[in-house]
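Worth knowing before you read on, the calculation uses all heavy atoms, side chains too, and leaves out hydrogens, waters and symmetry mates. All ligand and atom numbering here is 1-based and tracks the order in the structure. Everything numeric here is computed off the predicted structure, so don't read it as measured data.
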Amino acid sequence: MNVLLFGPPGSGKGTQAKDLAERLGVPHVATGDIFRKNLREGTALGQLANSFMKVGALVPDSVTCDIVADRLMQPDALDGVLLDGFPRSVPQAEWLLGWLASNGRRADAVISLEVPEAAILERITGRRTCSQCGATYHVVYNPPGATCAKCGSNEIVQRKDDSAEVVQGRLTAYARETAAVLPLLRKSVATHDLDGTGEIAAVKARIFAALKL
Ligand code: ADP
Ligand code: AMP
């Protein structure tokens, strides 16, 4: 099953992705995580992506679609993936639908998480991230321990692009380039518009119910 997790930055996509991917039995593919991994490893892709990420802009479509194509061809992704943070522009969405179709695959469902902007700002500025495995926490709503509950690392930090200045750029990019993706996906993929507010467990229950899991 190929499922797309859609929503503004900070809407809870990464938080929900872990259990959902496990339940679906597919890998969690987050383009932001792929870019950050490349940056940590000092690759040319990481450097290039970072020049956009640090100002809250989208990485160019051609670069992003290429890394998604590579990832979707890996053996563990052939039977399905949970895509998080992709597609994020109309050209990316058109490319994805075309690529899936020409590879005998399809997008089965879209989960769109709706969260008002005030809550988004509070979530993003309070987010803390494990720089080793990418697990996310929140200083109030999901406080991290001294070490990461997922991988044991003690490197739980605030992402540079979660600063108040960069967040504004990311919200602008969302409004300008990403919001228009949803109506396009809706035309051909079963789309579930879900309330992303409330307890993390309550949002998870809504997602699982929508997908009949
Ligand atoms: P995204 O992947 O969509 O950018 P995240 O999953 O990283 O968003 O969530 C952003 C922040 O909000 C994180 O700090 C996370 O712990 C927190 N968060 C996620 N879901 C909820 C929720 N239902 N209630 C409160 N905080 C949440
Ligand atoms: P995220 O981890 O989803 O919050 O993404 C962090 C940053 O990575 C974004 O602000 C963009 O700069 C970049 N990024 C992630 N996914 C995409 C995408 N699909 N298209 C373009 N840029 C992306």
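- Interatomic distance, CG of L72 versus CG of L78, reported as 9.0 Å (0.5 Å rounding).
- Close N/O approach between L58 and ligand 2 is not found [any backbone or side-chain N/O within under 3.5 Å].
- Of the polar atoms of R36, at least one N or O is found under 3.5 Å from an N or O of ligand 2, judged by distance alone.
- Looking at G198 next to ligand 1, an N or O pair under 3.5 Å apart turns up.
- With a 4.0 Å cut-off on non-hydrogen atoms, T64 touches ligand 2 through its side chain and not its backbone.
- The closest donor-acceptor contact from the side chain of R127 to the backbone of G10 lies at 3.5 Å or more, if one exists at all.
- Proximity of R159 to ligand 2, defined as any heavy-atom pair under 4.0 Å, is confined to the side chain (atoms from C-beta onward).
- Side-chain contact of Y141 with E199: a donor-acceptor pair under 3.5 Å is absent, judged by distance alone.
- Residue-level proximity to ligand 2 for A30 is absent, since no heavy atom of it falls below 4.0 angstrom.
- Near Y137, meaning under 4.0 Å from one of its heavy atoms, ligand 1 places the atoms 13 (C), 14 (O), 16 (O).
- Residue V59 places at least one N or O, backbone or side chain, under 3.5 Å from an N or O of ligand 2.
- Annotation: G85 places an N or O atom under 3.5 Å from an N or O atom of ligand 2; distance criterion only.
- Among all non-hydrogen protein atoms, the one lying nearest atom 23 (C) of ligand 2 is F35 CE1, 3.7 Å.
- Of the inter-residue distances, the one linking L171 atom CG with Y174 atom OH reads 10.0 Å to the nearest 0.5 angstrom.
- With rounding to the nearest 0.5 Å, the separation of CG in L20 from CZ in F208 is 5.5 Å.
- Of the inter-residue distances, the one linking W95 atom CH2 with D61 atom CG reads 10.5 Å to the nearest 0.5 angstrom.
- Between the side chain of Q16 and the backbone N or O of G12, no donor-acceptor pair lies under 3.5 Å.
- Rounded to the nearest 0.5 angstrom, D193 CG and R206 CZ are separated by 13.0 Å.
- For the pair K37 and F35, the cation-pi test (distance below 6.0 Å, angle within 45°) is failed.
- For ligand 2, the polar-atom distance check finds no N/O of D161 at less than 3.5 Å from any of the ligand's N/O atoms.
- Scanning the protein for heavy atoms near atom 11 (C) of ligand 2, the closest one is A57 O, 3.5 Å.
- Here E199 has backbone heavy atoms under 4.0 Å from ligand 1, and that is the only part of it that gets that close.
- The nearest heavy-atom contact from the protein to atom 6 (O) of ligand 1 is T15 OG1, 2.6 Å.
- Residue R88 holds the heavy atom nearest to atom 5 (O) of ligand 2 of all those in R170, M53, R88.
- Across the listed options G32, G7, G12, G12 owns the non-hydrogen atom lying nearest to atom 8 (O) of ligand 1.
- Not a single heavy atom of P9 lies less than 4.0 angstrom from ligand 2.
- Counted by atom type alone, Q132 and S153 present zero donor-acceptor pairs between their side chains at under 3.5 Å.
- With a 4.0 Å cut-off on non-hydrogen atoms, Q92 touches ligand 2 through its side chain and not its backbone.
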